[in-house]
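All remarks here apply to the structure that follows.
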Amino acid sequence: AQTVTQSQPEMSVQEAETVTLSCTYDTSESNYYLFWYKQPPSRQMILVIRQEAYKQQNATENRFSVNFQKAAKSFSLKISDSQLGDTAMYFCAFMKLLQNSNSGYALNFGKGTSLLVTP
Amino acid sequence: DTEVTQTPKHLVMGMTNKKSLKCEQHMGHRAMYWYKQKAKKPPELMFVYSYEKLSINESVPSRFSPECPNSSLLNLHLHALQPEDSALYLCASSPRTSGRSKNIQYFGAGTRLSVL
């Protein structure tokens, strides 16, 4: 079974600073996708960044980047130049196969890290 | 455009009521999902529809009844709910269900349901 662990329930960072959110996962699959989703108080679950396991290069989306360590099964999110609008719950997620490939895939989420960006 | 629209945004219902949640997407996605999210918890998968057919039911009680009338629309019919069913109900869609690269899921803003 795939499990996703986020060990930091809450974090705080000052505006313009850099913060790293940690995520570890467990899987026996060799090829998979990992995601970071952001859920602000508005409740919308927003895709921040994704990483394909077979790609060694770390994904980057503007101020967001990941440090993907496949052997260690670690997938951390770095937010540079933090902004007040980054305040949200951040979920790390693993794309898991449901029953078989015809059933499709679903997201297995970690428990989330609540990030507060302060002025 | 990665918009998934859910209505209503908020819903309060009694345990004897019948209500429905609605989800729409116009991105041509052929897979749609219902997730349930309790406060301060991650979303949990309820149902998966693939090409308008129910492909996964994660042992959800029968008081929740999903329906996919067409490729753009997903409903969740609610009947005889319990107070513990109060939660945020999220809808998501993805281009396909098969093939990981086609399974990137995009979420709506959810319906906040309160059962009295």
Side-chain angles (χ1 to χ4, degrees), chain A residues 1-6 8-10 21 23 25 27 29-55 59 61 88-115, chain B residues 2-6 8-11 23 27 29-60 87-113:
Chain A
Q2 293 92 0
T3 57
V4 179
T5 302
Q6 293 179 251
Q8 304 152 314
E10 294 179 349
L21 280 56
C23 173
Y25 59 94
T27 183
E29 297 181 35
S30 58
N31 190 21
Y32 45 87
Y33 274 73
L34 293 160
F35 303 87
W36 279 98
Y37 279 88
K38 164 186 174 181
Q39 189 175 37
S42 66
R43 310 173 322 204
Q44 178 100 40
M45 190 76 78
I46 301 164
L47 177 63
V48 175
I49 199 165
R50 66 175 184 251
Q51 175 79 43
E52 298 176 55
Y54 72 88
K55 288 188 176 178
E61 289 285 344
M89 181 71 84
Y90 286 82
F91 290 101
C92 178
F94 180 99
M95 183 186 283
K96 66 175 182 179
L97 179 64
L98 293 167
Q99 295 180 5
N100 55 63
S101 61
N102 290 327
S103 301
Y105 298 84
L107 294 169
N108 191 21
F109 290 91
K111 291 187 177 181
T113 296
S114 178
L115 177 67
Chain B
T2 55
E3 187 170 329
V4 176
T5 304
Q6 289 188 244
K9 293 192 189 310
H10 302 275
L11 179 63
C23 174
M27 297 178 279
H29 289 178
R30 302 310 299 273
M32 297 185 79
Y33 311 78
W34 280 116
Y35 287 83
K36 174 181 178 180
Q37 186 179 22
K38 301 284 279 185
K40 299 188 186 301
K41 298 287 187 183
E44 294 178 344
L45 182 68
M46 299 175 72
F47 302 104
V48 179
Y49 270 84
S50 176
Y51 293 87
E52 296 90 70
K53 289 192 170 68
L54 182 65
S55 62
I56 291 288
N57 176 340
E58 291 283 73
S59 302
V60 179
L88 179 68
Y89 288 84
L90 292 164
C91 174
S93 71
S94 66
R96 300 284 187 275
T97 52
S98 60
R100 294 179 197 268
S101 64
K102 298 293 185 186
N103 199 264
I104 308 302
Q105 294 182 26
Y106 299 94
F107 286 81
T111 294
R112 176 79 64 193
L113 174 68

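Just so it is clear, the structure is predicted and the values come from calculations on it, not from any experiment. Residue numbers begin at 1 in each chain, while the letters A, B, ... track the order of the sequences.
- Proximity to chain A (any heavy atom under 4.5 Å) is shown, for B/Gln6, by neither the backbone nor the side chain.
- Considering CZ of A/Arg43 and CG of B/Leu88, their distance stands at 5.5 Å, rounded to 0.5 Å.
- Heavy-atom minimum distance, B/Pro42 versus A/Phe91: CA-CE2, 3.5 Å.
- At least one side-chain heavy atom of B/Tyr35 sits less than 4.5 Å from a side-chain heavy atom of A/Leu107.
- More than 12 heavy atoms of other shown residues, nucleotides or ligands fall within 6.0 angstrom of atom CD in B/Glu52.
- Other residues, nucleotides and ligands contribute only 12 or fewer heavy atoms inside 6.0 Å of the NZ atom of B/Lys41.
- To the nearest 0.5 Å, atoms CD1 (B/Ile104) and OH (A/Tyr33) are separated by 5.5 Å.
- Here CD of B/Gln37 is found 8.0 Å from CZ of A/Phe109. Values are rounded to the nearest 0.5 Å.
- Here the side chains of A/Leu47 and B/Gln105 are not in contact, with every heavy-atom distance at 4.5 Å or above.
- When each of A/Ser42, A/Gly110, A/Pro9, A/Gly112 is checked for heavy-atom pairs under 4.5 Å with chain B, A/Gly110 comes out on top.
- Between A/Gln39 and B/Leu90, the closest side-chain pair of non-hydrogen atoms falls below 4.5 Å.
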